[in-house]
2 protein chains.
Amino acid sequence: MTDLGQEIGLRHRKRAAAMARIQDVALDLFDEHGYERVTVEQIADASDVSPSSVYRYFGSKEQIVLLGEFEFDTSAARLEDDADGSPLDVTRRMLRAVMDHLVGDEERTRRQMRHVMSDPALEAALARQVYAASETLGEVFAERLSRSANDLEVQVLAHVVVGALLGGLHHWQGTAFAEPLRDVLDRCLDLLERGLQIDGAVSRAASP
Amino acid sequence: MTDLGQEIGLRHRKRAAAMARIQDVALDLFDEHGYERVTVEQIADASDVSPSSVYRYFGSKEQIVLLGEFEFDTSAARLEDDADGSPLDVTRRMLRAVMDHLVGDEERTRRQMRHVMSDPALEAALARQVYAASETLGEVFAERLSRSANDLEVQVLAHVVVGALLGGLHHWQGTAFAEPLRDVLDRCLDLLERGLQIDGAVSRAASP
DNA sequence: CGCTCAAGTGACAGTCGCTGTCAAAAGCGA
DNA sequence: TCGCTTTTGACAGCGACTGTCACTTGAGCG
């Protein structure tokens, strides 16, 4: 009965609990039968809520898996915008915030990724989500560099950064999630900082 | 009656004609009412085919807009694999092939992009398609560089290249498609070749 | 406490994208 | 012209998703 220190209102607590329960139940069902062979109605039944509520909470079946995942939080960049740095530094900081959100149970992230990578609908949803992150990142970069958000270089930079991270995600999945995700993504940004000079990969004209 | 030199069989010709007609009719309807407010049944009726045929031809409603668009054709790279070059050179070559396919009527591409950028479902489909292109590109790069297709640097490079192009696409849309798409994408690859050294954008440690 | 109001929930009906099946139609070769 | 194969359209059905509406249930207040 004493305030446990974080939540306000029984309503919000029940809602949060229900969402967590639905996600758990859904992931279990997906693990067992595969994403597309499980209906929202089954998830709802097994979670003791109505299908209506599932859609109210998550909006779509895909978001049961992807909700909140891989979204850049601009506040992480804006809050510290006194501490300046290059866009890549900013990215690292934002990424760290995202990772802290994820790193709690990387096992869950692995389960999610397994389904995402094997189902077209989920893959599309993730791609779109990541794509949206590029826009967010672009706006942050534009502000930092005092350029238009639609500047070609800003857009390319933002999409390149996100692309690099996506490449890392892909690699991570290809190695059966062996290495901690955080390390993989860090190395991706390192590669970008070095300008992708992968022995003649980008330009052969570098050395005569 | 004389052979007009390209098509074989009445069947294939009718099929191709029907697909082209469906796409035209669909784009018109989309322009007028918006993508999601037009049903496949309406498109089918207006095109004098059955809904079944629309799905047989295009597989999904999204593909009526996106079919064949933005797909890298690996054959373009493999065919000329005697002529070697850096991965970026290969990309340019593949991109040129893609562009030649598109440049026929860039006006149509603009119409498509307008819808793609404003509808979530289409945006997701495009994102997924582009994402798939990264995998294709990764395989080509891996072969060129004699590395594993799952190599982190290969994956990052492939996704970065595609990301750069996506950034260009985004910029193109943001400028109301002013410049020819070909030029925009060329400049994206130029930026990559220069290593994204956008006045301290990537790394501030470059100059002390 | 208990009352009132607003917010949240579940049941229902309906739309639409998409899939599978099957008989009819149409191209193709002889 | 006559079979054979492929393609087509009609139909039935599934499941994701939306909107509506009565009902329940926390929240605020006397």
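Reminder, nothing fancy here: chain letters follow the sequence lines and each chain counts from 1.
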Exercise. Scan A/His170, A/His159, A/His171 and name whichever one has a ring pair (Phe, Tyr, Trp, His ring centres under 6.0 Å) with B/His159.
Key: A/His170
Quiz prompt | Pairwise 5' ranking along DNA chain D for A/Arg56 and A/Tyr35, keeping only the more 5' one | solution = A/Tyr35
Distance test, side-chain N/O of [X] to OP1/OP2 of [N], below 4.0 Å:
| X | N | answer |
| --- | --- | --- |
| A/Ser52 | C/dG10 | no |
| A/Tyr57 | C/dG8 | no |
| B/Lys14 | C/dG27 | yes |

Once you round it to whole Å, what is the distance between [atom2] of [N] and [atom1] of [X]?
| X | N | atom1 | atom2 | result |
| --- | --- | --- | --- | --- |
| B/Ile64 | C/dC16 | CD1 | C1' | 13 Å |
| B/Lys61 | C/dC18 | NZ | P | 8 Å |
| B/Glu41 | C/dC16 | CD | P | 8 Å |
| B/Arg15 | C/dA26 | CZ | P | 18 Å |
| B/Tyr55 | C/dT21 | OH | P | 18 Å |

Quiz item: Hey, mind stepping through B/Arg144 and B/Glu139 against salt bridge (charged side-chain N to carboxylate O under 4.0 Å, His left out) and telling me if it holds?
Solution: CA-CA 9 Å; B/Arg144 289 272 168 162; B/Glu139 287 163 21; over 6 Å; no
Pairing of [X] and [Y] as salt bridge, 4.0 angstrom limit:
| X | Y | answer |
| --- | --- | --- |
| A/Glu106 | A/Arg110 | yes |
| A/Arg111 | A/Asp24 | no |
| B/Glu123 | B/Arg128 | no |

Quiz item: For DNA chain C, whose closest nucleotide is more 5', that of B/Glu36 or that of A/Arg11?
Solution: A/Arg11
Self-check item: B/Val38 or B/Leu10, whichever maps to the more 5' nucleotide of DNA chain C
Solution: B/Val38
Quiz item: Looking just at side-chain N and O atoms, do A/Arg108 and A/Gln23 make a donor-acceptor pair shorter than 3.5 Å?
Solution: yes
Only distances under 3.5 Å count here; give the side-chain donor-acceptor pairs of residues 54-62 of chain A to other protein atoms, sequence neighbours excluded, each with its distance to 0.1 Å.
{"unit_1": "A/Ser60", "atom_1": "OG", "unit_2": "A/Gln63", "atom_2": "N", "d": "3.4"}
{"unit_1": "A/Lys61", "atom_1": "NZ", "unit_2": "A/Tyr35", "atom_2": "O", "d": "3.0"}
{"unit_1": "A/Lys61", "atom_1": "NZ", "unit_2": "A/Val38", "atom_2": "O", "d": "2.7"}

Exercise. For DNA chain D, note the earliest and the latest nucleotide, 5' to 3', having some atom under 4.0 Å of a heavy atom belonging to chain B.
Key: D/dT5 to D/dC11
Exercise. Kindly point out which of C/dG27, C/dA7, C/dC18 is positioned nearest to the side chain of B/Ser60?
Key: C/dC18
